[in-house]
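Please read these numbers as outputs of a predicted model, since none were measured by experiment. Quick note: residue numbers are just sequence positions, from 1.
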Amino acid sequence: MSRFQLLTGLLLLALLPSETGCLFHTRVVEMRTSTAPLEKATKQALLDRINTEAAKIKTLNATVNIATSVGGEKKGKVTEYEEIRGYILVRKPDMLRMIGLFPIVRNKAFDMVSDGSEFKLSIPARSKFYIGHNDVVRPSASPLENLRPQVIYNALLLPEIDPRNDIAVLENSTEIIYDAKNKKNLEQPDYVIDIIHRTGDDWYLARKVIFNRTNLVPHQQIIYDQQGRIATEATYQVYQDYNGVSFPNVIQINRPQEEYSIRLTVEKLAINEPLRDDQFALQQPPGSQLINLDQPNQTASSNHAPPAPEVNANPPKK
């Protein structure tokens, strides 16, 4: 026996329990991983699901409840606005119209439309009509003034993955879920499809699609800007079958940079009904002030009628 083996044996003997006490103790490790049964899928199967479901949707005509909040760590407070009724029209590849109504009286709180490149927004109570590009050219200090219809469009639908300009990578990851039975947070495995997109000669991480492993349904989409920052976090809950199309009834849209969030709860939905061009036409109301958000110093009005008093289109909860 070598000197090393002898010393090792003596050390192990010293660590064994003796009549005088114990030099170690055992502790129980709390279960922190979900025991829910998990489904398995390949990367190709997940990509096929994204593309197949995306291809099924040509138009949407939805009646929704819209809940909005503004604020967060930067502002040091969060303001939640009263939920309002709204309508959303979508026609691929780029068209979207969204209308919000005041509670009770059901007058228009706002009306906005986008063709994928430019947008228009009418706020009748303020007698103002905004126009501008879908990309924010001149950020406003007011978070909701930075809202563009394209944000809603991109969060509503999971786009197809284009093999010419997209590279998809499968990631086996985990997420934190709340176990209502045991009233604690647990880790649960999930699948993440990372989508790297090409713009010109450059590639960047464009978005992540996160699949729940218990049912292989996409329940979150994270969209990045070209600087690698999170632009939009969208979560999808309560999926329902609409004539063979699976669509979520609750969509939460968070914009961490601007610190605002929008929750859409679907009350009624029609998929793939014909939508006309005039349903996406929005004209400036007579007497309203025209404001170009790309050139905020240049404003005009259709006539010299005084604007309506400034009021919140969606008042905060009391």
Engineer: Would the distance check show the side chain of Lys120 and the main-chain N or O of Ala281 forming a donor-acceptor pair, the cut-off being under 3.5 Å?
Structural biologist: no

Engineer: State plainly whether one hydrophobic cluster holds both Ile193 and Tyr224, where clusters connect Ile, Leu, Val, Met, Phe, Trp and Tyr through side-chain heavy atoms under 4.5 angstrom apart.
Structural biologist: no

Engineer: Can you check whether Arg91 reaches Asp277 side chain to side chain, under 4.5 Å on heavy atoms?
Structural biologist: yes

Engineer: I want to check something: taking the side chain as every heavy atom from C-beta on, are Leu96 and Phe119 in contact at a cut-off of under 4.5 Å?
Structural biologist: no

Engineer: Give a yes or no on this: more than 12 heavy atoms of other residues, nucleotides or ligands lie within 6.0 Å of atom CG of Asp278.
Structural biologist: yes

Engineer: side-chain contact (heavy atoms from CB on, under 4.5 Å) with Gln188: which of Leu38, Thr33, Thr35?
Structural biologist: Leu38

Engineer: Do Asp48 side-chain atoms and Asn51 backbone N/O form a donor-acceptor pair below 3.5 Å?
Structural biologist: no

Engineer: Do you know which two heavy atoms are closest between Tyr191 and Ala41, and how far apart they sit?
Structural biologist: OH-N, 3.2 Å

Engineer: Should side-chain heavy atoms under 4.5 Å link Ile, Leu, Val, Met, Phe, Trp and Tyr, which residues sit in the same cluster as Tyr87?
Structural biologist: Ile99, Leu101

Engineer: Could you report the tightest heavy-atom contact between Met112 and Pro149, atom names first, then the distance?
Structural biologist: SD-CG, 3.8 Å

Engineer: Indicate the atoms forming the closest heavy-atom contact of Gly244 with Asp241, along with that distance.
Structural biologist: N-OD2, 3.1 Å

Engineer: Is Thr63 close to Arg85 at the side-chain level, that is, under 4.5 Å between some pair of heavy atoms?
Structural biologist: yes

Engineer: State the CZ-CD1 distance between Arg207 and Ile230, to the nearest 0.5 angstrom.
Structural biologist: 15.0 Å

Engineer: What heavy-atom pair brings Gln150 and Ser114 nearest, and what distance separates the two atoms?
Structural biologist: OE1-OG, 3.8 Å

Engineer: Should Met98 and Leu156 be marked as a side chain to side chain contact (heavy atoms under 4.5 Å, CB included) after you check the CA-CA gap, both sets of side-chain angles, and the distance that decides it?
Structural biologist: CA-CA 12 Å; Met98 185 172 179; Leu156 274 177; over 6 Å; no

Engineer: Is there a side-chain contact between Ile161 and Ile195, using heavy atoms and a 4.5 Å cut-off?
Structural biologist: yes

Engineer: Looking only at heavy atoms, which two atoms of Met95 and Tyr153 are closest? And how far apart?
Structural biologist: O-CE1, 3.8 Å

Engineer: Can you tell me if Asn254 uses its side chain to pair, donor with acceptor, with the backbone of Pro256 under 3.5 Å?
Structural biologist: no

Engineer: Any non-hydrogen side-chain atom of Gln237 less than 4.5 Å from a side-chain atom of Pro248?
Structural biologist: no

Engineer: Are Leu158 and Leu205 co-members of a hydrophobic cluster defined by side-chain heavy atoms under 4.5 Å apart?
Structural biologist: no

Engineer: If you apply the rule side chain to side chain contact (heavy atoms under 4.5 Å, CB included), what do you find for Glu118 with Ile131, and how did you get there?
Structural biologist: CA-CA 7 Å; Glu118 298 180 341; Ile131 61 173; over 6 Å; no

Engineer: Rounded at 0.5 Å granularity, tell me how far CG in Asn292 sits from OH in Tyr130.
Structural biologist: 12.0 Å

Engineer: How far does CD of Glu273 sit from OG1 of Thr59, to the nearest 0.5 angstrom?
Structural biologist: 7.0 Å

Engineer: Near Asn172 CG, under 6.0 Å, is it more than 12 heavy atoms from other residues, nucleotides or ligands?
Structural biologist: yes

Engineer: I'd like to know whether Glu73 forms a side chain to side chain contact (heavy atoms under 4.5 Å, CB included) with Glu259, so could you lay out the CA-CA distance, the side-chain angles of the two residues, the decisive distance to 0.1 Å, and finally the verdict.
Structural biologist: CA-CA 8 Å; Glu73 185 177 342; Glu259 288 195 325; 4.2 Å; yes

Engineer: Can you confirm whether Tyr204 sits close enough to Arg198 that some side-chain heavy atom of one is under 4.5 Å from a side-chain heavy atom of the other?
Structural biologist: no

Engineer: About how many Å separate CD of Gln279 and CG of Leu89, when rounded to the nearest 0.5 Å?
Structural biologist: 6.0 Å

Engineer: Only one of Ile50, Val192, Asp190 passes side-chain contact (heavy atoms from CB on, under 4.5 Å) with Phe211; say which it is.
Structural biologist: Ile50

Engineer: Taking atom CD of Gln227 as the centre, report whether more than 12 heavy atoms of other residues, nucleotides or ligands fall under 6.0 Å from it.
Structural biologist: yes

Engineer: Would you compute the distance between atom NE2 of His133 and atom OG of Ser117 and round it to the nearest 0.5 angstrom?
Structural biologist: 5.5 Å

Engineer: So, are Asp111 and Arg97 salt-bridged, with charged N and O less than 4.0 Å apart?
Structural biologist: yes

Engineer: State, yes or no, whether a side-chain contact exists between Ile210 and His219 at a heavy-atom distance under 4.5 Å.
Structural biologist: yes

Engineer: Would you check if the side chain of Arg255 reaches a backbone N or O of Val151 as a donor-acceptor pair within less than 3.5 Å?
Structural biologist: no

Engineer: With distance as the sole test, does Asp225 use its side chain to make a donor-acceptor pair with the main-chain N or O of Arg229 at under 3.5 Å?
Structural biologist: yes

Engineer: Should the pair Asp194-Lys43 be classified as a salt bridge under the 4.0 Å nitrogen-to-oxygen rule?
Structural biologist: no

Engineer: Determine whether a donor-acceptor pair (N or O, by modelled atom type, separation under 3.5 Å) exists between the side chain of Lys92 and the backbone of Ile57.
Structural biologist: yes

Engineer: Quick one: do Asp115 and Phe280 satisfy side chain to side chain contact (heavy atoms under 4.5 Å, CB included)? Show the steps, please.
Structural biologist: CA-CA 8 Å; Asp115 63 3; Phe280 296 92; over 6 Å; no

Engineer: Does Glu39 offer a backbone N or O that forms a donor-acceptor pair with the side chain of Arg213 under 3.5 Å?
Structural biologist: yes

Engineer: In Å, rounded to the nearest 0.5 Å, how long is the span from CZ of Phe247 to CG of Leu157?
Structural biologist: 6.0 Å

Engineer: Specify the closest pair of heavy atoms between Leu269 and Ala62, including all atoms of both residues, with the distance to one decimal.
Structural biologist: CD1-CB, 3.7 Å

Engineer: Is the backbone N or O of Ala155 less than 3.5 Å from a side-chain atom of Tyr236, with the two atoms forming a donor-acceptor pair by type?
Structural biologist: yes

Engineer: Side-chain heavy atoms under 4.5 angstrom apart, residues restricted to Ile, Leu, Val, Met, Phe, Trp, Tyr: same cluster for Ile251 and Tyr239?
Structural biologist: yes

Engineer: Do Val245 and Val217 sit in one hydrophobic cluster, given that two such residues count as connected whenever their side-chain heavy atoms are within less than 4.5 Å of each other, even indirectly?
Structural biologist: yes

Engineer: Has Asn272 got a side-chain atom pairing as donor or acceptor with Lys56's backbone, closer than 3.5 angstrom?
Structural biologist: yes

Engineer: Are Ile223 and Leu47 connected in a single hydrophobic cluster, I mean Ile/Leu/Val/Met/Phe/Trp/Tyr linked by side-chain heavy atoms less than 4.5 Å apart?
Structural biologist: no

Engineer: Within the structure provided, determine whether His197 and Asn165 are in side-chain contact (heavy-atom separation under 4.5 Å).
Structural biologist: yes

